2 protein chains.
Amino acid sequence: MTRKGGNPAPDQPVSIASVARRAGVSIATVSRVINGIANKASADTVAKVREAVAALDYRPSSAGQSLRQRKSRLVAVLAANMANPTMAAIAASVEVALREKDLVMVLCDTHDKPELQDEYLKEMRAQQARAIVLLGAVASPLLAALRGSTTPLIFVNRLDPGGGASPFVGIDNDAAGADMARHALSRGLVRPAIIHAPLTSSATRARVEAMARVYAEAGHPVPPERRLGPPLRDHLAIGHHAVRLLVEQGLSCDAYLCTGDLIAFGARKALVEARGDAGSAPFFGFDDNPLNDWVAPWLSSMRIPYAAYGEAIVDLILSENGEAPRQRILPHALVIRPAAGEG
Amino acid sequence: MTRKGGNPAPDQPVSIASVARRAGVSIATVSRVINGIANKASADTVAKVREAVAALDYRPSSAGQSLRQRKSRLVAVLAANMANPTMAAIAASVEVALREKDLVMVLCDTHDKPELQDEYLKEMRAQQARAIVLLGAVASPLLAALRGSTTPLIFVNRLDPGGGASPFVGIDNDAAGADMARHALSRGLVRPAIIHAPLTSSATRARVEAMARVYAEAGHPVPPERRLGPPLRDHLAIGHHAVRLLVEQGLSCDAYLCTGDLIAFGARKALVEARGDAGSAPFFGFDDNPLNDWVAPWLSSMRIPYAAYGEAIVDLILSENGEAPRQRILPHALVIRPAAGEG
DNA sequence: AAGTAAAGGGAAAACGTTTTCCCTTGGCGT
DNA sequence: ACGCCAAGGGAAAACGTTTTCCCTTTACTT
């Protein structure tokens, strides 16, 4: 209704040439006007071009642009595991931030497998992706190779497994782990179980080490049998398995420190299954998914500002002018939920 | 280590021309070998080309391909709301299925807003997307225009708001709603509350109508005051708000039939806040997120096979040869969880 | 033995941009 | 008057594919 004629242009045969024709100018001029090149078009030329663009509902073909400029508007996000709500939250945040800058998100699930990650990296090189965001990177051959290229590589949550000081967005996992342990100690919880994901993730490693360190320094070292990290991929299974082990061995704990909320979910379920109730030892997790308030009022969790990740990541992508690769460390905060009355 | 020389090719200046040069054949031949055109290359030509491709780690530029073929390998997935774990689950499933067919997923969050949806549709037209998957479509001008184009449009969960019999993947929401109501009736629950999302979604509408119909036919019509659909966007808030209203009005129910799990989460929380416990009336939801088993053992839910959606969707995209636009109706199943002992 | 078909392969056009040259005006300073 | 510079704008190259014509050689049919 807002446009004059019925000019929907069925399938988009509308190229820059047609715009140029309608505006009575050259292709070059249209391109310049669209891209806002100053001093290259008079006021009425600009007006004519704009009119034609609007009338034809023209939008430059991405293929043409990519080909010419040797780079696309695509930004790849390689997530280690989309089943984890955390990844979804970050992806959502990134998407919004990218949209603002007229970039487009391509989302891939690497399932934490190096081969698959490489496959995607290859694909994204073929797509001439503007940047690649790694939500939980794993070491892989192509990743190493790509580190030398001009394509910005942004590491999120987990540091670059290659070791270099690559651009990074995340929290201070050491501080966060320490904070959690100190809080537990302050509540007199001196016999915790530490249940964690595989230590291949730098984030997990830092959290676990910080907790153990703080406990050791406080004179309550956590012995190996209370440090559990089953080599499973599924966080729920990790927690479940760990607590079952704990129960079988008759080890009692006064707190469950988990490196992820999902692990805590699994842990608690195993406990309920084993004893009929969840006991009185509080559960601690990381991530603090928004749903926790609704379905896990028993879970204290380290809140990580995932909603702010998108902006930080896109910032890092665009400020590629920067020399020293910067790290964006965002604030964390422990959200305490009363382990109290659930009945 | 697996390749001979140190030939990582820093930034991908490796085009089809370089492959042709190395193999000692023409560009055309390389293209044909890569695309598997039969009867156009002798055995050793093929071998030479393959060798060169492998040695140079060549992969065709997507931009070049898209430009020439006037279509890209991108498939757009427009999700109404990525914060909903359901959407994330479907997206994950689609991604896997696409990968298998060498397609790439572009994920966009329309936030259920027509303008944003149109913005994305426009972008995807510019990208010459191979297909567009609408995870909860909303009516919008460009959507109507696109329906006439050759780009496949796949509607998921919600039917095409334009009314046409467009390709669709989802469950039989009418049957599912009826099943749920019948189950509740069979348990003697005759005073249910029906709490639902905005009825702009065809899926929600069908569920609600089926429930109401079954109850009415059984001689227990559900009066308006027990049918609640606050016009909020957030499902959690919908459920919360609805139950608060119910409580304030002193209306008692013996079951909570919610059109989504998140709504049930909100509903139960409001109930706990109001009375101190969750009462004995069972909760019912739709979607049955895998996490329910871990964090919501009190919630019965209509399981929807989201993991199977990806394959069905990709099938529909590729079988565009088909004439009669097909609908893929997947099976649903009510998962009963004992509302029993939560203490 | 001639004619024909098929196999194998190359040259070049086309896809839609952006950008580098180049040309033409006017206006200005000397 | 002369030279210069800036503004405004066009022609054409280049980006990397796929595909349509071609052309040559070989094998097979009559």
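Since the structure is predicted, the reported quantities are computational estimates derived from the model, not experimental observations. Chain letters run A, B, ... following the sequence lines, proteins first and then strands; every chain starts at 1.
In this structure, CD of B/Q127 is placed 20 Å from P of C/dC15, rounded to the nearest angstrom. Atom C1' of nucleotide C/dG10 and atom CG of B/N39 are separated by 17 Å, given to the nearest angstrom. Atom CG of B/N35 and atom C1' of D/dG16 are 13 Å apart (whole Å). Summarising the geometry, the separation between CG on B/L56 and C1' on D/dG16 is reported as 15 Å, rounded to the nearest angstrom. Taking atom NZ of residue B/K40 and atom C1' of nucleotide D/dT18, one finds them 13 Å apart after rounding to whole Å. Between B/K48 atom NZ and C/dG9 atom P the separation is 7 Å, expressed in whole Å. Rounded to an integer number of Å, the gap from B/R59 CZ to D/dG16 P is 17 Å. In this structure, B/R21 atom CZ and C/dG10 atom P are separated by 14 Å, rounded to whole Å.
Nearest nucleotide to the side chain of A/Q65, out of C/dG9, D/dG8, C/dT17: C/dT17. In this structure, the nucleotide among C/dT17, C/dA12, C/dT19 sitting nearest to the side chain of B/A28 is C/dA12. Nearest to the side-chain atoms of A/T45 among the listed nucleotides C/dG9, D/dG9, D/dT17 stands D/dG9. For A/R70, counting side-chain heavy atoms from C-beta on, the closest listed nucleotide (D/dA11, D/dG16, D/dG9) is D/dG16.
As judged by a 4.0 angstrom heavy-atom cut-off over every strand, A/A63 is placed among residues making no nucleic acid contact. Note on B/S66: nothing from the nucleic acid sits closer than 4.0 angstrom, heavy atoms only.
For the residue pair B/S319 and B/R326, a side-chain donor N or O sits within less than 3.5 Å of a side-chain acceptor on the partner.
For C/dG10, its base sits under 3.5 Å from the side chain of B/R32 at one donor and acceptor pair at least. Judged by distance alone with a 3.5 Å cut-off, no donor-acceptor contact links the side chain of B/R68 to the base of C/dG16.
Under the 4.0 Å criterion applied to side-chain N and carboxylate O atoms, A/E119 and B/R59 are assigned as salt-bridge partners. Taking the charged nitrogens against the carboxylate oxygens, B/R233 and B/D112 have no contact shorter than 4.0 Å, which rules out a salt bridge. Checked for salt-bridge contact, A/E115 and A/K122 miss the test: no charged N lies under 4.0 Å from a carboxylate O.
Listed pair B/S26 / C/dG10 meets the phosphate criterion, a side-chain N or O lying under 4.0 Å from OP1 or OP2. Between B/T29 and C/dG10 there is a side-chain polar atom (N or O) within less than 4.0 angstrom of OP1 or OP2.
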Take A/S66 and A/Q128 through the side chain to side chain donor-acceptor pair (under 3.5 Å) test and state the conclusion after the steps.
CA-CA 8 Å; A/S66 302; A/Q128 289 165 118; 5.6 Å; no
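Mapping B/Q69 and A/S31 onto DNA chain C by nearest heavy atom places B/Q69 closer to the 5' end of the strand. Each of A/I27 and A/S42 was assigned the nucleotide of DNA chain D with the nearest heavy atom; the assignment lying further toward the 5' end belongs to A/S42.
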